[in-house]
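Bear in mind that the values here come from a model prediction, so they are computed numbers and not experimental data. Here is the naming used below: chain letters follow the sequence lines, and residue numbers restart at 1 for every chain.
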Amino acid sequence: DTGVSQNPRHKITKRGQNVTFRCDPISEHNRLYWYRQTLGQGPEFLTYFQNEAQLEKSRLLSDRFSAERPKGSFSTLEIQRTEQGDSAMYLCASSALQGGTEAFFGQGTRLTVV
Amino acid sequence: GQNIDQPTEMTATEGAIVQINCTYQTSGFNGLFWYQQHAGEAPTFLSYNVLDGLEEKGRFSSFLSRSKGYSYLLLKELQMKDSASYLCAVRAGGFKTIFGAGTRLFVKA
């Protein structure tokens, strides 16, 4: 296991379409995070899982966004009815249960909505 | 509210020392992280502070003052490869980590 893996790396979609991204965290990590990052900004928190439980979700996340982590391993992030404003880099990160442990980020999925 | 401030850009010379400041106002505090991010790549962990004081790790050091809501990242013996964005992030209440917009550091020869 070499780190956090995200697929696809790039996605171009037409406005109004649905898209789904996948994240495979480091195998022994219980915590999984999704972030969104636009050019010139830091990552913006979207949601957090501990094992299969979604414990926190940003108020900025509209109803068009949903995330799952069905077996406490990989996670998916779905965006329905995409809008041009959804164009961004979507980053997944994972960390161990111990407090203070840093998060390891995947390479991200770059979404472009045209 | 939640707010993290850091300078937008800094320029320094190869071999020099640079200090990147970060101030924060968050509803909770469970630690402060510094990450490095090269263009087009994922952020990578540099340091973590939860208690006041200085943490040193090779050419990188990070300082925290919780009473002042202030941290800095110190980079010594700058190398060209240190040109990157440096992200200050606070773990606020729960497990939510809030990132600043990042400081773009340019290292010139």
Quiz item: Heavy-atom distance under 4.5 Å to chain B: side chain of A:Gln6, backbone, both or neither?
Solution: neither
Practice problem: Examine B:Phe45 and B:Tyr86 and state if one hydrophobic cluster contains both, with Ile, Leu, Val, Met, Phe, Trp and Tyr joined whenever side-chain heavy atoms are less than 4.5 Å apart. | Solution: no
Quiz item: What residue in B:Ala42, B:Gly40, B:Gly31, B:Pro43 has the most heavy-atom pairs under 4.5 Å with chain A?
Solution: B:Pro43
Quiz item: Is there side-chain contact between B:Phe33 and A:Glu102, with at least one heavy-atom pair below 4.5 Å?
Solution: yes
Quiz item: In terms of hydrophobic clustering (I, L, V, M, F, W, Y; side-chain heavy atoms under 4.5 Å; direct or indirect links), are B:Leu74 and B:Tyr24 co-clustered?
Solution: no
Quiz item: Which answer fits A:Gln107, side chain, backbone, both or neither, if we ask what part of it has an atom under 4.5 Å from a heavy atom of chain B?
Solution: both
Self-check item: Within 6.0 Å of CD1 in A:Ile12, more than 12 heavy atoms from elsewhere
Solution: no
Self-check item: Contacting region of A:Ala103 [heavy-atom separation from chain B under 4.5 Å]
Solution: both
Quiz prompt | Residues of residues 33-49 of chain A near chain B, each having a heavy atom less than 4.5 Å away | solution = A:Tyr33, A:Tyr35, A:Gln37, A:Gly40, A:Gln41, A:Gly42, A:Pro43, A:Phe45, A:Tyr48
Practice problem: Decide if atom CD of A:Glu68 counts as having more than 12 heavy atoms of other residues, nucleotides or ligands within a radius under 6.0 Å. | Solution: no
Exercise. May I ask you to check whether over 12 heavy atoms, not counting those of A:Glu52, lie within 6.0 Å of atom CD?
Key: yes
Quiz prompt | A:Arg15 atom CZ, over 12 foreign heavy atoms within 6.0 Å | solution = no
Under 3.5 Å donor-acceptor pairs involving side-chain atoms of residues 95-109 of chain B, not counting sequence neighbours:
residue: B:Thr103; atom: OG1; partner: B:Gln6; partner atom: NE2; Å: 3.0
residue: B:Thr103; atom: OG1; partner: B:Pro7; partner atom: O; Å: 2.6

Practice problem: Is it possible for you to say whether A:Leu32 and A:Leu77 belong to one hydrophobic cluster, with membership spreading through side-chain heavy-atom contacts below 4.5 Å? | Solution: yes
